[in-house]
Amino acid sequence: MLIEVNRLSKSYTTFQRGHTFKETLKSLFHRKTIEVPAVKGISFQVAPGEIVGFLGPNGAGKSTTLKILTGVLHPTSGDVRIMGYVPWKQRKSYVGRIGAVFGQKSQLLWDIPPLDAFYMNKAIYSIPQDEFEETLDELTSLLDVHEVIRKPTRQLSLGERMKCEFMMAMLHRPQIVFLDEPTIGLDVIAKENIREFIGKMNRRGVTFILTTHDLDDVEQLAGRVIVINHGEIVFDDSIVAMRSFVGGGKMVRMLTEERFPDLNMPGATVVRMISPHEAEIELDTGVIKINDFFARMNGMCTLLDMSVQELPIDRVIKQLYLTKSP
Ligand SMILES: Nc1ncnc2c1ncn2[C@@H]1O[C@H](COP(=O)(O)OP(=O)(O)OP(=O)(O)O)[C@@H](O)[C@H]1O
């Protein structure tokens with residue numbers, strides 16, 4: 001196995017603050033510590049060549065896990081072996097074998113062109129000149145950034161910058177790349193470019209572990225999904241298995257000529273009124289078929305427009321928890 005994680009836990013120690021002014025003042029002199037359990041004994045393995053999507057709501061423990069796997073954080077307990085390394089113990093040699101892209105944090109330097117930053121990485125990772133040039137040419141063509149890498153980073157669009165962040169992470173030809181929200185804030189085209197690039201690199205044997213809130217990222221890329229909630233793994237399988245596990249839910253958006261009618265249909269729940277004439281409805285297709293739902297709606301009002309989409313990731317995950325709770 002490429003990655004082995006066994007009973008990994010991480011708790012943060014923070015100081016308790018008071019709610020009132022008096023309590024806050026008191027806490028300055030008598031600091032009370034509290035333990036925040038962020039990751040609670042998770043175990044999983046990743047084989048070479050996998051793309052694993054790490055999903056979960058805010059505060060679930062995804063970033064904490066990723067920080068431990070990249071060697072940035074020490075865990076409180078548990079074992080991690082990645083390509084034979086213990087990330088936080090053999091950090092120096094380990095980082096030469098992995099890459100990381102954090103959507104919210106840049107590894108480039110604001111005032112200099114990405115190309116100059118790439119040369120800095122060449123020195124840091126001691127990449128031989130011919131290997132560096134070969135990889136640089138290849139990545140520049142794949143991402144179509146011939147001009148972009150020569151402009152100062154601050155002049156780049158977010159999509160252009162993300163392409164350069166990926167180059168920065170891949171120049172030393174890592175076997176595993178960790179991605180934290182790699183498509184956050186990108187437009188549809190830029191997202192597609194990044195996903196295409198990840199797919200191509202994966203076909204060449206690079207393993208990717210990514211956290212994301214974008215279900216399209218995992219649907220288009222990840223063969224496997226690990227869902228984490230309150231620091232525990234609640235699901236570890238394919239996205240197809242995840243959808244079938246929670247049943248077939250759909251999100252329907254409808255615009256009606258009249259005021260949107262009161263729905264009194266089992267399996268159909270209005271989750272948001274966009275205007276008095278437009279609503280978002282969550283359908284439990286195990287209870288009501290899409291066909292039957294439309295037929296009943298047609299009998300109740302005049303439909304002007306509608307769209308049907310997969311449930312957003314947060315809804316799927318929420319359903320997953322509901323299904324899994326006793
Ligand atoms: N440095 C820290 N000190 C104290 N608590 C922390 C620290 N970092 C994270 N936490 C807490 O640990 C828990 C897990 O946080 P983490 O950032 O790993 O979640 P996440 O799944 O990545 O969330 P998000 O999707 O919002 O990025 C949260 O309760 C968070 O408040």
Side-chain angles (χ1 to χ4, degrees), residues 1-15 33-105 169 174-182 202 206-213 217-218 221-239 241-242 245 313-314 316-318 320-321 324-325:
M1 277 295 155
L2 196 66
I3 300 179
E4 303 230 22
V5 176
N6 282 312
R7 299 180 309 279
L8 180 69
S9 293
K10 173 75 188 175
S11 294
Y12 294 101
T13 306
T14 56
F15 293 104
T33 56
I34 44 167
E35 295 281 307
V36 180
V39 175
K40 303 175 194 163
I42 62 171
S43 302
F44 60 91
Q45 300 182 328
V46 178
E50 280 197 84
I51 302 185
V52 180
F54 235 76
L55 305 180
N58 293 128
K62 305 179 297 291
S63 300
T64 303
T65 308
L66 224 58
K67 281 180 193 159
I68 295 170
L69 300 191
T70 49
V72 176
L73 268 185
H74 284 233
T76 309
S77 62
D79 305 315
V80 176
R81 285 253 160 203
I82 303 181
M83 297 175 290
Y85 295 91
V86 177
W88 57 94
K89 284 191 180 155
Q90 293 144 295
R91 196 166 145 66
K92 227 173 158 190
S93 38
Y94 174 66
V95 290
R97 307 279 305 278
I98 61 157
V101 177
F102 291 90
Q104 314 249 41
K105 227 182 227 164
Q175 259 176 281
I176 306 175
V177 179
F178 296 92
L179 309 171
D180 198 0
E181 298 280 355
N202 177 247
V206 181
T207 302
F208 286 91
I209 309 290
L210 72 143
T211 75
T212 182
H213 285 282
D217 281 347
V218 281
L221 289 170
R224 176 172 159 208
V225 191
I226 294 179
V227 181
I228 181 163
N229 188 27
H230 299 304
E232 291 177 53
I233 290 178
V234 293
F235 188 84
D236 181 354
D237 207 329
S238 69
I239 194 137
M242 182 163 102
F245 190 82
I313 188 67
D314 287 353
V316 175
I317 291 169
K318 196 174 161 197
L320 184 76
Y321 302 150
K324 290 208 88 171
S325 50

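Just so you know, these numbers use all the heavy atoms, side chains as well, and skip hydrogens, waters and symmetry mates. The structure presented is a predicted model; accordingly, all values stated were derived computationally and were not measured. Just so you know, residue 1 is the first one in the sequence shown, and it goes up from there.
- Listed by first then second residue, pairs satisfying side-chain hydrogen bond (donor to acceptor under 3.5 Å, both in side chains) with a partner in residues 229-238 read R224-D236, not counting sequence neighbours.
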>> Between V46 and I209, does the side chain to side chain contact (heavy atoms under 4.5 Å, CB included) criterion hold? Intermediate values first, please.
In response: CA-CA 9 Å; V46 178; I209 309 290; 3.9 Å; yes
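- By the side-chain hydrogen bond (donor to acceptor under 3.5 Å, both in side chains) test, T207 is found to be paired with no residue, residues two or more places apart in sequence or in another chain being considered.
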> Is there a side chain to side chain contact (heavy atoms under 4.5 Å, CB included) between V86 and V80 once you walk through the steps?
Replying inline: CA-CA 6 Å; V86 177; V80 176; 5.8 Å; no
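- Across S11 and P37, no two heavy atoms sit closer than the pair OG-CA, 3.6 Å.
- Residues passing the side-chain contact (heavy atoms from CB on, under 4.5 Å) test with S9 are S77, sequence neighbours excluded.
- The distance from atom OG1 of T212 to atom CG of D217, rounded to the nearest 0.5 Å, is 3.5 Å.
- Counting only residues at least two apart or on different chains, the side-chain hydrogen bond (donor to acceptor under 3.5 Å, both in side chains) pairs with a member in residues 81-100 are Y85-R97, R97-Q175.
- Residue pairs satisfying the ring pair (Phe, Tyr, Trp, His ring centres under 6.0 Å) criterion with at least one member in residues 45-64, sequence neighbours excluded, are listed as follows: F44-F54.
- Atom-to-atom distance recorded for E35:CD and K10:NZ is 9.5 Å, nearest 0.5 angstrom.
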>> side chain to side chain contact (heavy atoms under 4.5 Å, CB included) for I226 and V52? Distances and angles first, verdict last.
In response: CA-CA 7 Å; I226 294 179; V52 180; 3.8 Å; yes
Give the table of side-chain donor-acceptor pairs shorter than 3.5 Å for residues 55-75, with sequence neighbours excluded, one pair per line with atom names and distance.
unit_1 : atom_1 : unit_2 : atom_2 : d
K62    : NZ     : G56    : O      : 2.8
K62    : NZ     : P57    : O      : 3.0
T64    : OG1    : Y12    : OH     : 2.9
T65    : OG1    : G61    : O      : 2.7
T70    : OG1    : L66    : O      : 2.8
T70    : OG1    : K67    : O      : 3.2

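- Closest of all the heavy-atom pairs between I98 and P174 is C-CB, 3.4 Å.
- Atom-to-atom distance recorded for F208:CZ and L179:CG is 6.0 Å, nearest 0.5 angstrom.
- The shortest non-hydrogen separation linking L8 to V39 is O-CG1, 3.3 Å.
- Contact of the Q45 side chain with the I3 side chain is not registered, since no non-hydrogen atoms from C-beta on lie closer than 4.5 Å.
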> Could you go step by step and tell me if L2 and I176 meet the side chain to side chain contact (heavy atoms under 4.5 Å, CB included) rule?
Replying inline: CA-CA 9 Å; L2 196 66; I176 306 175; 3.5 Å; yes
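- The heavy-atom pair separating S43 from I233 by the smallest distance is O-CD1, 3.7 Å.
- Closest heavy-atom contact between V206 and N202: O-ND2, 2.9 Å.
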